[in-house]
2 protein chains.
Amino acid sequence: MKLEASGWKIGSVDEFLELSQEETEFIELKLSLSKNLKERRQSLRLTQKDLARMIHSSQSRVAKMEAGDPAVSIDLLVKSLLALKTSKKEVAGMLPH
Amino acid sequence: MKLEASGWKIGSVDEFLELSQEETEFIELKLSLSKNLKERRQSLRLTQKDLARMIHSSQSRVAKMEAGDPAVSIDLLVKSLLALKTSKKEVAGMLPH
DNA sequence: TGAAAAAATGTCAATTTCGACATATACTCA
DNA sequence: TGAGTATATGTCGAAATTGACATTTTTTCA
């Protein structure tokens, strides 16, 4: 996976251009939630605008979520998944590794 | 569970003092992560200050995380759990319901 | 007991994330 | 093709979250 490719940066003094294991896992978790959110929305035949309305947000923010933009919180991803009635079991399946 | 008891507030016009299912699930998820983080830290015999160092944060913020303070993000909770080497399986077990 | 360590609580300026908007690019299908 | 729809990208001020700090309260244990 090419994390450097799309805007991910880490502020670490001791490890230049080197991500710690936690940082890598954290990013991978977010990307997994992003990917699953997009798949789930599409399988429900909803537009980004539809989902945006459901979570009281905007189409552009949904696009950023699905693009795995670093400036999107796990909180917003989880809220979106919950809005799409994602079950505990499905969320568990989204955890990387 | 008494959510109203400790600072949780919801901004909804149509539902006064009434939490939507997603909002309730979201809060319960955070509280579950909080509870598990505290248990995990204690079982590892770490102080809040120890954990704070590990995640480059402060003791007071760790205390707020563990207290289930609404003004703490899932992002920080997840980063903390990852710092404590929490496995995918364990995280899955933390999901409410 | 009581002093030291740990945890809880409150505050605040700085940083991050937010929704919103504008606009560009990519799809769909008549 | 091209018009309408969906998605992607960039920006911005507002709102939420942050680490840090001071202080109080609780727990530990000699």
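In what follows, chains are A, B, ... by sequence order, proteins preceding strands, each numbered from 1.
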Calculate the interatomic distance between [X] atom [atom1] and [N] atom [atom2]; express it in whole Å.
X        : N       : atom1 : atom2 : answer
Asp69(B) : dA8(C)  : CG    : C1'   : 11 Å
Arg61(B) : dC12(C) : CZ    : C1'   : 12 Å
Asp75(A) : dG19(C) : CG    : C1'   : 16 Å
Ile74(A) : dT16(C) : CD1   : P     : 16 Å
Gln59(B) : dT11(C) : CD    : P     : 17 Å

Base of dG19(C) paired with side chain of Lys64(A) (donor-acceptor, under 3.5 Å):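 Side chain to base: no pair present.
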Within 6.0 Å of NZ in Lys85(A), more than 12 heavy atoms from elsewhere: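 Yes, NZ of Lys85(A) has more than 12 neighbouring heavy atoms, counting only those of other groups under 6.0 Å.
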NZ/Lys35(B): more than 12 non-hydrogen atoms of other groups inside 6.0 Å: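 Open: at most 12 neighbouring heavy atoms sit under 6.0 Å from NZ of Lys35(B).
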Stretch residues 40-54 of chain B: residues that reach within less than 4.0 Å of DNA chain C through a heavy atom: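 The stretch gives Arg41(B), Thr47(B), Gln48(B) as the residues lying under 4.0 Å from the strand, ordered by number.
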Upstream residue (5' side of DNA chain C) when Glu66(B) and His56(A) are each assigned their closest nucleotide: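 Its nucleotide being nearer the 5' end, the pick is Glu66(B).
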DNA chain C: 5'-proximal contact among Lys79(B) and Val62(B) (nearest heavy atom):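 The residue whose closest nucleotide sits nearer the 5' end is Val62(B).
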side-chain contact (heavy atoms from CB on, under 4.5 Å) evaluation trace for Glu23(A) with Lys79(B): CA-CA 8 Å; Glu23(A) 287 167 333; Lys79(B) 281 176 185 167; over 6 Å; no
Start and end of the DNA chain D segment that chain B contacts, any atom under 4.0 Å from a heavy atom: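 With heavy atoms of chain B under 4.0 Å away, the range is dT17(D) to dC21(D).
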